Each structure stands twice: as C-alpha cells, then as structure tokens.
Amino acid sequence: MNQNAAANGNSFPSGRPVVFRNATILTIDPSFGMIENGDVLVVDNHIAAVGRQLVAPDSAMEIDANGGILMPGMVDTHRHMWQTALRGFGADWTLTNYFQFYYLNWGKIFRPEDIYAGNLLAAIEAVDAGVTTTVDWSHGLQTVEYADAAVDALEAVPGRFVLAYGNLLGAPWQWTKAPEFADFIRRRIDGHGDRLGMQLAFDVTGDPAFPEKAAFEAARDFNLPVTTHAGVWGATNDNGIRLMYDHGFMTPSNIYVHAATLSQDSYHRIAATGGHASISTESEQNAGQGYPPTWQLRRHNIPVSLSMDTSVWWSGDLFSAMRATLSADRAREHMEAHRQNNTIMLSHLRAEQVVAWATLGGASALGMDSDIGSITPGKKADLVLIKNDQSPVMFPLLHPYGHVVFQAGRGDVHTVMVNGTVVKYDHRLIGIDLDSARRAVGKTVEYARSRMGEQAWSEAMHPEKAVVELIDNPYTYTDRERVQPTGNGETQE
Ligand SMILES: [Zn+2]
C-alpha cells in the first residue's frame with residue numbers, strides 16, 4: 001500500500017519512488033499539454049510516468065496534490081547570487097548607483113566568505129521558491145579562492161546550479177588565461193555531475209580593438225557557453241554584438257542578458273545565430289537597461305528565458321518575473337497601438353507562454369532541455385507543486401496558467417523536488433540549514449557596514465533624491481501654496 005507522506009513526519013527516505021496524486025499538471029510538453037486530476041510517478045531521479053490514476057509501486061510515497069498545480073521546476077538564467085548578502089540594500093537605486101557601488105567603490109571589499117554567504121542564502125531562496133535551476137552570474141570572483149567559496153555554497157544546497165564565472169574587477173582576457181583558472185575547472189566542475197554546470201560571464205564593451213576576443217577563445221577551448229549583458233543603455237550596445245558576430249563568436253550557446261537597447265539589426269544577428277535571451281523585467285524596468293524587450297524578441301523568434309538579476313534590489317521570485325514580463329509586454333503593445341490611434345483587440349502574449357519561458361525556456365537557454373524543463377517521462381524529476389489549502393487564492397482554479405502567473409506566489413510553493421529528491425514538503429524545507437545562512441550573511445553585513453563606515457553605508461543605500469518638478473495645474477481656482485511630497489511618508493507644507 002502506498003504511504004501518505006504527511007503521515008510519515010515529512011520524511012522521504014532516499015531511493016523510494018514518489019507519486020504525486022490528483023494535480024492539475026502543466027507539463028509544458030506539447031504532447032501531454034495540461035492534465036487535470038493527473039498523477040506523476042518519480043522513480044530514482046527521473047519522471048517514470050505521467051497520466052491519470054497511475055499504478056505506483058507498493059513502496060511509493062504518495063503526495064496528495066489535490067487542489068494544486070504541478071509544474072516543472074523553474075529556471076533562472078541570470079542571478080548575481082553573491083549580492084543576496086545585501087538583500088534589498090539597493091531598493092532605490094538606478095543602474096548608475098549600482099555601478100558606483102559595486103564596480104567603482106565597494107565590490108573590492110567583498111571576501112570569499114562574503115561570496116559564500118550570499119550564494120548560500122540565494123541558493124536556499126531559489127529552491128524554496130521552486131526555482132530548481134539557477135545560473136549564478138558570479139562576477140565577484142576576484143581570485144579562484146572566491147570561486148571555490150561560491151561553489152562550496154552551491155554544493156551545500158540541493159538545487160541545480162550553473163556557475164557563470166566572472167570577475168567585474170578584472171579583464172576577462174586575462175583571468176581566463178590564468179593556470180589556476182584551468183585548474184579550478186578541473187577540480188570543481190569536470191566530472192561533478194549535472195547539478196553543477198559552468199559558463200563564462202563577461203561583458204563586451206564595444207572597444208573596436210575587441211580585447212574580449214581572447215576570452216571568447218578561452219570559452220571555446222574550455223567548451224563553456226558565454227553569458228553577457230547585452231543591450232544595456234549606456235553600457236553595452238550594438239557595437240558589441242557586431243564585434244561578436246564579425247569574429248564568429250555568436251553561437252547557439254550564447255545567452256544575451258537584458259537584450260534591451262539594441263537595433264533590429266542586432267536582433268537579426270542574435271536570431272540568425274540561435275542565441276537565447278535572458279529577460280529580467282523588474283531589473284530593466286527599475287534600473288534602466290531599456291524597455292523589457294519580449295515584445296520585440298518574440299517577433300524575431302528569439303528564444304526567451306527569465307531571470308531575476310539580483311536580490312540587492314528585487315526578490316528572487318520567478319512568479320514576480322512572470323507577472324512583470326507578461327504585464328510589460330502587454331503594456332508596450334497597447335502603447336504602440338495607441339500611438340497609431342489603434343486598439344489591441346487580442347493579446348498576443350499569453351500566460352501559458354510565460355510559464356513556458358520560466359521553465360522550458362530556461363532549460364533550452366542552458367542546453368539542458370533534454371534533461372529538464374518539462375514534465376516528460378524520462379526527464380530528470382525537477383518539480384514544483386503549488387498548493388496552499390489555507391489560502392483564499394487557490395480556488396476556483398479555472399485558468400491554471402493564468403493562476404500561476406497572476407494569482408500564485410512563492411508562499412504557495414508546497415513541494416519542491418530536485419533530481420528526484422523532495423527538498424521541500426508542506427511548505428517546509430527538508431535537510432537545509434537556513435540558520436547557517438543567517439549566521440554567514442549576518443557576518444557579511446556587519447563586516448561590510450563597518451568597512452564602509454556609517455556615512456557611506458547610509459549614503460549608498462539612500463541616494464540623493466531627484467528633484468520633482470511640479471507641473472502647473474490650470475484647473476486650480478486659487479493660488480494656494482503647493483504641498484510638497486517629502487518621500488518619507490509625511491507631507492510637508
Ligand atoms: Zn546582471
């Protein structure tokens with residue numbers, strides 16, 4: 001007889017099959033589509049069967065998914081995980097404030113243990129929120145010792161990660177050539193299984209001398225994909241794309257992060273060479289890289305994946321990414337139509353597409369779509385059950401894709417499975433030491449604050465306010481004094 005997991009003190013002994021029962025399953029696999037009242041059987045680390053009223057082995061643990069939505073684990077293709085150590089610090093930043101903080105002033109003070117702390121917390125946050133695969137766009141790796149610390153943290157958490165190795169304080173054409181860099185790949189990546197992958201992370205400045213050429217050659221020699229911030233207003237632009245194209249470095253394994261402020265010609269080049277985009281809508285909207293470009297990318301048939309960028313500003317919540325991306329795409333379509341005195345009668349971008357971007361889209365961008373990204377028999381079992389019987393938001397469940405995008409949140413993530421192992425059940429993490437992350441991050445905050453000093457800390461967190469110029473209102477009767485908002489919750493006359 002199958003045993004109910006809840007009756008067993010949330011224990012999921014390894015090696016036992018697991019069966020999810022009676023879920024609304026969003027398989028993201030065109031041959032299965034959506035299955036209501038469906039079951040998924042997991043044996044060892046893979047999906048063994050998908051269907052209705054599956055016969056499961058007697059030894060299987062059963063998870064009651066009734067009333068819930070079962071979907072593939074989400075994939076974040078660009079997150080600077082080390083920056084989670086200062087979660088929320090930059091809530092009021094622009095991209096300029098960010099560059100000043102990390103690139104010009106304070107990035108250099110971070111130590112290997114600070115990288116470890118941020119990565120550990122970010123990795124736990126990802127798994128907890130149903131993000132089973134995360135690219136750690138790790139550009140704080142000043143030496144290989146930092147990279148070891150980054151990987152130590154990723155290996156301490158039972159998720160799937162890709163270390164995108166970078167160093168914002170060094171030249172990529174130099175650090176990729178260092179013998180200790182090759183040694184790091186041999187020691188920490190090669191032969192370590194498919195829960196830890198690697199990319200090279202660096203940006204192309206558009207310098208006509210194209211110094212990044214040597215870094216691209218290193219990527220080719222090590223057989224590593226390249227991920228690059230492209231189309232960032234004021235930082236990277238069409239020149240970088242053209243240089244990459246002219247030198248033959250635009251390949252299907254490339255990931256173009258943001259891809260916002262680019263010409264049609266650059267989009268044509270990305271599309272023609274099979275590259276993927278990583279869209280961080282909340283980042284593009286707040287920091288100013290350019291308008292979130294999915295409304296352009298889908299017309300060029302450029303494959304889209306989603307990402308959160310950094311928790312120093314935003315959350316690590318891909319529900320929020322899906323919602324923001326769908327909203328931004330539709331907002332732009334309405335705006336463009338109104339400019340032509342037209343109205344949009346039918347939405348082009350649908351909730352279903354955005355859920356696919358958050359799952360299979362990410363897996364494809366990482367070249368992992370034969371292993372993960374959909375609920376397909378034979379694939380690795382990375383699964384998320386969205387279910388919350390205490391919530392007034394989980395019923396009625398009429399449009400499940402729309403429910404994922406516009407109704408559910410990460411607080412509704414009930415169960416998370418990575419590689420066949422249940423790592424979260426009944427809203428509680430299993431076998432994950434959140435307190436060690438709390439202690440490590442606490443030390444990093446204390447260190448950074450004392451190293452910067454109170455004044456710099458406070459000024460960095462609260463940049464000088466932009467002046468608001470009030471517009472004269474012709475409909476006012478009297479010339480009474482203006483009430484000026486102060487931004488601190490009070491008004492001042
Ligand atoms: Zn970024």
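As the structure lists them, so they are numbered: ligands from 1, and atoms in each ligand from 1. Fair warning: this is a prediction, and the values are worked out from it, not measured in the lab.
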- Message: Give me the number of protein N, O or S atoms whose distance to the Zn ion (ligand 1) is under 2.8 Å.
- Response: 4
Show me the donor-acceptor pairs within less than 3.5 Å that the side chains of residues 170-178 make with the rest of the protein, sequence neighbours left out.
unit_1	atom_1	unit_2	atom_2	d
T176	OG1	P172	O	2.6

- Task: Find the distance between NE2 (H258) and OG1 (T281) and round it off to the nearest 0.5 Å.
- Result: 10.5 Å
- Identified side-chain contact (heavy atoms from CB on, under 4.5 Å) counterpart of H139 within the set Y165, W82, Y102, F202: W82
- Query: So, are E333 and R330 salt-bridged, with charged N and O less than 4.0 Å apart?
  - Reply: no
- Query: Within 45° of the axis and under 6.0 Å from the centre of the six-membered ring of Y447, does NZ or CZ of R111 qualify?
  - Reply: yes
- S307 and S280: side chain donor to acceptor below 3.5 Å: yes
